[in-house]
Amino acid sequence: MSTAPATLDVRRTRRSLVAGTVGNFVEWYEFGAYGFFATVIAANFFSSTSTSDAESLIKTYASFALAFFFRPIGAAVFGRVGDRIGRRPTLIIVLLLMTLSTTLIGILPTYATVGAAAPWLLTLVRALQGLSAGGEFGGAVSIMTEFAPKTKRGLYGAWQSLTVALGLLVGAGLAVILATVLSKEALNDWGWRIPFLLALPLGLVALWLRLRLDETPNFERLQQEARTGATGEVTGRNVAQVQSADKAEVAKAIALGIGRLMGWSAAGYTFLVVMPTYLQATLNATFQQALVATVLANLGFAVSIMPAGWLSDRIGRRPVMVTGAALVVVLAFPLMNLLQDKESSTAAKGIAVFVAGLVVGLMAGPGPAMLAEMFPTRARYTGLGLAYSLSNAVFSGCAGLIITELIKRTKNVDIPAYYVAVTCAVSVVALLTLRGDDYKRELRD
């Protein structure tokens, strides 16, 4: 059933945007920092006299991927809580868990201190991060889109993706600064801890903002209907039939959502997070050069997100997202070959990585609103959270592991291009199933 949203207070709406995005910023700042410092973390936590640099790096990415596979668990657990007791209290819980686990990375003992216990401790903390991150996306997007006017859901949802870019940019920028002002020895010894320790003050600011957050009008309306019995009397058999139909509908939407998101997940992590390690390990770039390239890619990503979200409110989610996925398929090999070409100029390579980020932003801008429109309010937190986290677990979390391992085995430096082209081609097909007028409809209760 579709219902017209109540008149929204501008202050409450703006507060929902800030509170909804701030936790997401902290999450992606940390995940970016882990990806950017992957080679340093490999040396500190997974390196022993019997392991090679490549093996240590693969183990680091395995830990990276493991955290992503805890995301669906977090999405299911916290999504269920968020759809039952509310978006606000659930988002406060997941923010506290994310801040605690991120800060712990900054104080963990390394392999040189505690030996084989070090990688296990790091993996445990990463698992806690995965649980909290799984509960973050569904609640944040639900908050932003349920407060948004119907004609601005794409724009409001795009703020979630923008904080991904901002979090990655801040993480990359801090890494560049630390790599510039610290010696290599200092960076490897203690400098890498700084980005993770900074999560504590960031998390406290985010907590203050979320404590001031209101519950969404859509969820409040459902709660009111449940209290007053506004949905009418139904028999126990009818209740079971309705619940079974709801579960089947949500499961189908989750599967379809994964297909629509897989290109965004794979290309986003390949171009925006895995790129520094690929440039260093495969193309022999310096740490600083690789990070600068990543900053440019994330700038391109950030530049296109909000215009893409705004445009999707005018012409629909489907044409904007299909264009982004199709461009990745077309440009993947030319962009990768340009980076590999030793004769190409630094400026040309900078433009290449900027464009790579730009086209990913075309998918990321409308993506949150597209997902929110696929699920009813009573299952939105759980449904969109699971679709996003499962897609990210497989196609983002495993990106570094898959690319690094395949390059090691095949010696083919075009593996990243194959990876993003294939996943985006599948997403094009899935995105074409979107109804053209979904962006014009009210969110379902």
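Atom set for the values below is all heavy atoms of this structure, side chains included, hydrogens, waters and symmetry mates excluded.
Across every non-hydrogen atom of Thr103 and Leu197, the tightest pair is O-CD2, 3.9 Å. Among all heavy-atom pairs drawn from Val250 and Ala379, the shortest one is CG2-CB, 3.8 Å. Here the shortest heavy-atom pairing between Gly259 and Ser427 reads O-OG, 2.8 Å. Of all non-hydrogen atoms in Ser101 and Gln129, the two that sit nearest each other are OG-CG, 3.0 Å. Nearest heavy atoms, Ile415 versus Ile403: CG2-CA, 4.0 Å. Smallest separation of non-hydrogen atoms from Arg15 and Leu213: O-CD1, 4.1 Å.
Under the 30°/60° scheme for interplanar angles, the aromatic rings of Tyr388 and Phe137 are found to lie parallel.
In this structure, the side chains of Met144 and Leu17 come closer than 4.5 Å at one or more pairs of heavy atoms. At least one side-chain heavy atom of Met306 sits less than 4.5 Å from a side-chain heavy atom of Leu155. Under the 4.5 Å side-chain criterion, counting only non-hydrogen atoms from C-beta, Asn298 is in contact with Leu272. Proximity of Met321 to Arg260: side-chain heavy atoms (C-beta onward) are nowhere separated by under 4.5 Å. The shortest side-chain heavy-atom distance between Arg212 and Trp208 falls under the 4.5 Å cut-off. Looking at Val353 and Phe271, their side chains never come closer than 4.5 Å, going by heavy atoms from C-beta outward.
A distance-only check finds a donor-acceptor pair linking the side chain of Arg87 to the backbone of Gly82 [under 3.5 Å]. No donor-acceptor distance shorter than 3.5 angstrom exists from the side chain of Tyr439 to the backbone of Arg153, with no hydrogens or angles considered. In terms of modelled atom types and a separation under 3.5 Å, the side chain of Arg317 and the main chain of Ser312 share a donor-acceptor contact. Arg71 places no side-chain N or O within donor-acceptor distance of the main-chain N or O of Gly134, the cut-off being under 3.5 Å. Between the side chain of Ser161 and the backbone N or O of Gly157 there is no donor-acceptor pair closer than 3.5 Å. When atom types are taken as modelled, the side chain of Asn44 and the backbone of Thr110 share no donor-acceptor pair closer than 3.5 angstrom. Side chain of Gln340 to backbone of Val413: a donor-acceptor contact under 3.5 angstrom is found. The backbone N or O of Met336 sits nowhere less than 3.5 Å from a side-chain atom of Asp414 that would complete a donor-acceptor pair. At least one donor-acceptor pair under 3.5 Å links the side chain of Thr163 to the backbone N or O of Gln160. A distance-only check finds no donor-acceptor pair linking the side chain of Thr270 to the backbone of Pro416 [under 3.5 Å].
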Show your working on side chain to side chain donor-acceptor pair (under 3.5 Å) between Thr382 and Arg80 and close with a plain yes or no. CA-CA 6 Å; Thr382 304; Arg80 184 76 168 170; over 6 Å; no
Go through Ile402 and Leu406 one step at a time and tell me if the side-chain contact (heavy atoms from CB on, under 4.5 Å) criterion holds. CA-CA 6 Å; Ile402 291 171; Leu406 286 178; 3.6 Å; yes
Take Arg380 and Thr377 through the test side chain to side chain donor-acceptor pair (under 3.5 Å) and record every step on the way to the result. CA-CA 5 Å; Arg380 184 167 296 121; Thr377 299; 2.9 Å; yes
Go through Thr102 and Tyr29 one step at a time and tell me if the side-chain contact (heavy atoms from CB on, under 4.5 Å) criterion holds. CA-CA 10 Å; Thr102 301; Tyr29 157 79; 5.6 Å; no
Determine whether Thr99 and Leu204 satisfy the following criterion, side-chain contact (heavy atoms from CB on, under 4.5 Å), listing intermediate values before the conclusion. CA-CA 8 Å; Thr99 302; Leu204 292 176; 5.8 Å; no
Using the side-chain contact (heavy atoms from CB on, under 4.5 Å) rule, take Tyr418 and Asn412 through it: C-alpha gap first, then chi angles, then the decisive distance, then the call. CA-CA 10 Å; Tyr418 283 108; Asn412 187 340; 3.8 Å; yes
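Taking CG of Leu211 as the start and CD1 of Ile92 as the end, the distance is 4.5 Å to the nearest 0.5 Å. Between Cys424 atom SG and Met363 atom CE the span is 4.0 Å, to the nearest 0.5 Å. We find the CG-CG distance between Leu327 and Leu358 to be 9.0 Å, quoted to the nearest 0.5 Å. To the nearest 0.5 Å, atoms CD (Glu405) and CD1 (Ile407) are separated by 10.5 Å. The CZ atom of Phe375 lies 6.5 Å from the CG atom of Leu384; values are rounded to the nearest 0.5 Å. For the atom pair CG (Leu362) and CZ (Phe301), the distance works out to 10.0 Å, reported to the nearest 0.5 Å.
Here ring pair (Phe, Tyr, Trp, His ring centres under 6.0 Å) pairs that include residues 338-357, with residues two or more places apart or in two chains, number zero. Sorted by first and then second residue, the ring pair (Phe, Tyr, Trp, His ring centres under 6.0 Å) pairs involving residues 157-204 (not counting sequence neighbours) are Phe45-Trp192.
Ion pair Arg210/Glu136 flagged as a salt bridge, since at least one NZ, NE, NH1 or NH2 atom sits closer than 4.0 Å to an Asp/Glu carboxylate oxygen.
Considering Leu162, Leu95, Leu91, Val164 in turn, Val164 is the only one that fulfils the side chain to side chain contact (heavy atoms under 4.5 Å, CB included) rule with Asn24.
Ser391 pairs by the side chain to side chain contact (heavy atoms under 4.5 Å, CB included) definition with Ile258, Leu261, Met262, Ser265, Phe395, not counting sequence neighbours.
More than 12 heavy atoms of other residues, nucleotides or ligands shown are found within 6.0 angstrom of CZ on Arg314.
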